[in-house]
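Chain letters run A, B, ... following the sequence lines, proteins first and then strands; every chain starts at 1. Keep in mind the model is a prediction, meaning the values are calculated, not measured.
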There are 2 protein chains.
Amino acid sequence: MGEQRTRSAQTWGFAGEGLREDEVEGIRAVLAQRFPDAALELRRAAPIDEAALRPVRVRPPDALAGICATDPDSRVLHALGRSYRDLVRLFAGDFSSAPDVVATPRTEAEAAAVLEWCSDAGIACVPFGGGTSVVGGVEGPAAERPVVTLQLRAMDRVLEVDRVSRAARIQAGASGPVLEEQLRAQDLTMRFFPQSFELATLGGWIATRAGGHYATKLTHIDDLVESVRALTPAAGVWESRRLPGSGAGPSPDRMLLGSEGTLGVITEAWVRLQDRPRWRASASVRFPDFLRGAEAVRALAQSGLDPANCRLLDPHEAEIFGGGDGQSALLVLGLESAHQPVEQDAHTALDICLGLGGQCPEGLRHRTDGVDEAEDPASTWRQNFLRAPYLRDALVAVGMITETFETAVTWDRLPELHSAVMGAVQKALAEICGGGVVTCRITHAYPDGAAPYFTVIAPSRHGSQIAMWDEIKAAASEALLASGGTITHHHAVGRDHRPWYDRQRPEPFAVALRAAKSALDPSGVLNPGVLV
Amino acid sequence: MGEQRTRSAQTWGFAGEGLREDEVEGIRAVLAQRFPDAALELRRAAPIDEAALRPVRVRPPDALAGICATDPDSRVLHALGRSYRDLVRLFAGDFSSAPDVVATPRTEAEAAAVLEWCSDAGIACVPFGGGTSVVGGVEGPAAERPVVTLQLRAMDRVLEVDRVSRAARIQAGASGPVLEEQLRAQDLTMRFFPQSFELATLGGWIATRAGGHYATKLTHIDDLVESVRALTPAAGVWESRRLPGSGAGPSPDRMLLGSEGTLGVITEAWVRLQDRPRWRASASVRFPDFLRGAEAVRALAQSGLDPANCRLLDPHEAEIFGGGDGQSALLVLGLESAHQPVEQDAHTALDICLGLGGQCPEGLRHRTDGVDEAEDPASTWRQNFLRAPYLRDALVAVGMITETFETAVTWDRLPELHSAVMGAVQKALAEICGGGVVTCRITHAYPDGAAPYFTVIAPSRHGSQIAMWDEIKAAASEALLASGGTITHHHAVGRDHRPWYDRQRPEPFAVALRAAKSALDPSGVLNPGVLV
C-alpha cells in the first residue's frame with residue numbers, strides 16, 4: 001500500500017500541496033502591512049541539479065542494490081529535516097548534506113543487512129522516518145564521511161492487533177494516516193496527532209519522544225509504548241516484553257525512547273490504543289492576559305479532570321490563529337471520552353476557568369455525533385493545524401524568518417521563564433532583524449508544570465537568514481536554560497540543540513550514555529553527531 | 001527528629017510490635033485445623049551472638065569513624081532484607097551476610113566520603129534505605145569481600161516545598177511517615193502507600209521502582225519523580241533538572257529508577273505531590289469467580305475513570321482477608337478526588353461492575369469527612385495492611401512457608417498466566433510440602449494489562465525451609481516467564497530474581513547497562529551482584 005502522493009524534496013509535505021500563488025500573494029500583502037520595511041521578494045527554489053550534489057562515494061553490496069537509490073531527487077529529499085534552517089538551505093540549493101545512498105528496506109532482514117554493511121564499512125547510517133525533524137535529527141555528516149540514509153517507510157504494516165488489551169504491533173515506518181487506516185477496521189485508534197501526523201512515522205516518534213494529541217496525561221509517545229524492537233550494530237536485536245507495567249530494573253523502552261537513532265534502528269513497537277471518543281465537550285475561554293490564562297491551565301492540570309485539549313494562546317496568537325481581537329488570551333478547552341458522558345466534568349472545568357477570571361459567553365459546545373475534528377478531513381481546525389507548515393514554506397519564499405521552539409518548566413518558574421524568553425527574543429529580533437514578532441502558547445500541561453511553545457516571525461536579509469536565525473535561537477535557548485526550562489519538550493535534540501542539551505543533562509548520565517553507545521555501536525556509525 | 005522506635009534486627013518492623021504470644025497461639029490453632037499434618041512447633045529466634053558474626057575486616061578512615069558502626073546489632077540489622085528467605089536465615093542465626101561496617105552519613109558530603117572510601121579501597125558498598133527488600137536487594141557479598149552498608153536514614157528532611165507546582169525536594173532517607181509528617185504543614189501529601197510505608201525510604205522506592213497507593217494511573221514511584229540527585233563513584237554528582245515533561249534525549253531519571261543502587265547512591269529527589277482527597281466513594285463488589293472479576297477490572301482500567309483503588313481478591317483471599325464465604329471473588333473499588341465530587345464517576349464505575357455480573361447489595365459508600373483510611377491510624381484496613389508482614393514473622397516462628405510474589409501481564413494473556421502459575425505452584429506445593437495454599441489478587445490495573453499478586457502458605461520441614469521455598473519460587477517464576485509476565489511488577493530484581501531477569505531483559509539492553517555501570521563505577525563497588 002503506502003501513500004500515492006509524492007514527497008516534496010525541498011519543502012514541507014507533499015509535492016503540489018503547498019500554498020497556491022494567489023495565497024502566497026495574499027500573505028505577502030499582509031506581511032507588507034505589518035513589516036513595511038521588509039523586502040518580501042518572492043523567490044523560487046533552486047532546481048535540483050546533479051552537479052550540485054557531491055558524487056556518490058560508496059557502492060552498496062549487490063544483494064542490497066535493489067533497495068538502494070542514488071538518484072539526485074532521493075538524495076535531496078533525505079538531505080535534511082524540515083526546520084527553518086533546513087528549508088532555507090534546500091530552497092537555496094545547498095544540498096551538501098545529501099546522503100550518498102538512500103536504502104529503503106522492505107523487511108527487517110533487509111534493514112539489518114543495510115546496518116551490517118554500514119557497520120562493517122564504517123559508513124554513517126542515518127535512520128529516517130518521515131524526515132520532519134526540526135532539530136537537525138536526520139542530517140548526516142556527509143561533509144566528513146559517506147552517509148547511507150536508512151529509510152523505513154516501506155515497513156508500514158500493522159502486524160497484529162490485540163483488541164482485548166487495546167494494543168497493536170506496528171512496523172516503525174508507518175505514518176499516522178497509514179497506521180490509523182489499518183486500525184480503523186478494529187474500531188481502535190492511537191489518537192496520536194502531532195503536527196507531523198501525515199508524514200512522520202511511529203519509529204520516528206519513539207526515537208524522538210514526540211508529543212501528540214493529548215494536552216494532559218498521555219502527552220508523549222512514551223506513555224503509549226508497550227514494547228520496542230530495534231536492531232543494534234554489535235549486540236543484535238533489542239526486543240522488550242509486552243508489559244503494561246514493570247519494576248524489573250531500569251526500563252529498556254525508556255532508553256530507546258529519545259535515543260534518536262544513536263543506539264539502534266527501531267523496526268517495530270507494540271503501542272497502546274484508544275477506543276474512539278463518543279462524547280466531547282469544548283469551550284473557548286478568554287482571559288485578560290497570558291499569565292491569568294496560565295493560572296487556569298494550572299488549576300485544570302491539577303484538578304484530575306485530564307482535559308484532552310487545554311491549549312492557551314497569548315493575545316497575539318489568539319488574534320492570528322483564533323480570530324481574537326489581540327487583547328485577550330484564548331484557552332481552547334476540550335474533554336473527550338469513549339466510555340461516558342463528559343458533560344459534568346466539562347462544566348466543572350469551565351467553572352474552574354470562570355472562577356479564575358475567564359469569560360466564555362458562548363458556553364460549552366457538546367458533540368456526541370462520533371465525528372472527530374482531529375480526524376475529520378473537513379474540519380477547519382485540522383486543516384489549519386496540518387497546513388501550518390506549508391505556510392512556513394511561503395514565508396521562506398518571501399524571505400521571512402519563521403520558526404517555533406518549545407520547552408517545559410515547573411509552574412513556579414513559568415512567569416519568569418515566559419518573561420525572560422519573550423524579552424530575550426524581542427531584544428534579539430530588534431537587534432538582528434530590526435523588528436519581528438514572537439508569540440507564545442501552552443500546548444501541554446502537567447500537574448507540576450507546562451510546556452510553552454513560541455513562534456517567531458521576522459524580516460531578514462537575503463543570504464543571511466541562517467546566521468540571523470542562529471543568533472535569535474541562541475538567545476532564546478540561553479534564556480530557556482537560565483530560567484529552568486528544557487531545551488526541548490517534544491522536538492528532540494538532534495544536532496541543533498546539542499550545545500544546550502549537553503549543558504542540561506547530568507554529566508554522569510552523559511558518561512553512561514556514551515558508554516552504552518560505544519558498547520552497542522562500537523564503530524559509531526549510527527546517526528553520528530546526535531546526542532553523544 | 002527521626003523515629004523513636006527501634007528496628008527489630010531479626011524480624012519485620014519495630015522491636016516489640018510483633019504479634020503477642022496469644023495471637024501467635026491463635027494463628028497456630030487455625031493453621032492446625034487447616035494443616036493437620038504440620039508440626040507447627042513454636043520456635044524462638046537464635047540470639048545475636050558476636051561469635052556468630054564474621055570478624056570486621058576493614059577499618060573506616062578516622063574522619064568517618066564517627067558515623068560508622070560495627071556492633072553486632074547494627075551489623076545483623078543490615079545483613080539482609082525482609083523476604084521469607086531472609087527471615088528464616090535471621091531466625092536461625094545465620095548472620096553470614098552481615099556487613100563489616102554500617103555507615104550512617106548525616107550529610108551528602110559524608111555519604112560521598114563513604115562512597116569514595118569504598119571505591120578507593122575496593123570495598124562493596126550497599127546503599128540501604130528501609131531494608132524492606134524482599135528480593136535480596138541489600139544482601140552484600142560478605143562471603144567474598146568486605147562490605148560497607150551505606151545507611152541513609154539520617155538524611156530524612158523535606159528540604160523545600162513548591163506549593164504552586166505541588167512538588168517537594170526530599171532527602172532519600174525519609175520514610176513514609178517522616179516525609180508525610182513534614183508535608184502535612186503544607187496540606188500536601190505524596191499519597192505513596194506501599195506495604196513498606198512505615199519503614200522504606202524515598203531513595204529505596206526510586207531505586208526499586210516501588211508500587212504505591214494508586215491501583216491505576218500513578219501506580220509506580222516513577223510517575224511521581226520530577227528529578228533525582230545521586231552520587232556516582234567515578235563521574236561525580238548526577239542531578240537532573242526539575243521538569244514536568246521533556247523530550248531531550250532518553251530520560252536520565254528513568255535510568256536511575258530501578259537501578260537498585262548499582263549506578264549511584266540516590267541522595268535526594270524532587271517528587272510530585274497531591275492535594276489531600278476530600279471526596280471518596282467505595283464499594284465491595286462480589287463476582288462468581290476471579291476471571292469474571294478481572295473482566296470488570298479491565299473494563300474499569302480502560303474506562304478512563306482511574307479508580308484509586310481497584311483490587312480484586314480471588315475467593316480464597318476474599319475469605320481470608322475480606323470476610324467472604326470462599327465462594328466469590330471480591331473487588332474493592334475506591335474513587336477519590338481532592339477537587340470535585342466523585343459520586344457520578346463512582347456510579348458509572350459500579351454500573352460497569354454490575355453489568356459484568358458483579359453483585360453489590362450494600363451499594364456505594366461515600367465519605368466527605370476528610371478522614372483518609374490510608375492515613376488514619378485507627379482504620380482497620382490500614383492496620384491489617386501494615387500489620388500483615390508482622391503476621392509473616394509468626395508464621396516463620398511456627399515453621400510455615402509464607403511468601404508473596406507478583407507480576408504484570410497484558411489482558412489477553414491474563415487467564416492463561418493465572419491458570420499456569422496457580423497450577424505450577426499447586427503442583428510444587430503438593431510435591432514439596434505435601435500441600436499448601438496459593439491465592440491471587442490483582443493489585444494494580446492498566447488499560448493494557450494487570451498486576452496479579454500471589455500469596456503462598458504451606459507447611460515445611462524444619463531446616464529445609466529455604467531449599468523448599470526456592471523450589472516453589474523457581475516453579476512459579478518459570479510459569480510467569482513462560483506466560484508472558486514480568487519477573488516483578490514492584491518488588492525489584494535484587495539477587496533473588498537475577499536468573500529470570502537476565503532472561504527477560506533484551507540482551508542489547510544488558511550490554512548497554514553493563515557498559516554504563518563500568519563507566520560510572522569502574523571498581524564495581526556499588527551493590528555487586530544486583531542487575532549486572
Looking just at side-chain N and O atoms, do D412(B) and T410(B) make a donor-acceptor pair shorter than 3.5 Å?
-> yes

Looking only at atom types and distance, does a side-chain atom of S337(A) sit under 3.5 Å from a main-chain N or O of W279(A), one as donor and one as acceptor?
-> no

Residue [X] versus chain B: region with a heavy atom under 4.5 Å:
X	answer
R505(A)	neither
H489(A)	both
L243(A)	both
V511(A)	both
T232(A)	side chain
Q302(A)	both
L513(A)	side chain
F509(A)	both
A450(A)	backbone
K217(A)	side chain

Select one option (side chain, backbone, both, neither) describing which atoms of [X] are under 4.5 Å from chain A's heavy atoms.
X	result
A451(B)	neither
E239(B)	backbone
R298(B)	side chain
D306(B)	side chain
T219(B)	neither

Given G249(A), G449(A), A408(A), A235(A), the one with more heavy-atom pairs under 4.5 angstrom with chain B than any other is G249(A)

Please report the C-alpha distance between W270(B) and D448(A) in whole Å, then the side-chain angles of each, then the deciding distance to 0.1 Å, and finally whether the side-chain contact (heavy atoms from CB on, under 4.5 Å) criterion is met.
-> CA-CA 11 Å; W270(B) 275 94; D448(A) 57 336; over 6 Å; no

For ring pair (Phe, Tyr, Trp, His ring centres under 6.0 Å), just list the numbers for H497(A) and H491(A), CA-CA rounded to whole Å, side-chain angles, deciding distance to a tenth of an Å, and then say yes or no.
-> CA-CA 10 Å; H497(A) 282 154; H491(A) 283 169; 8.0 Å; no

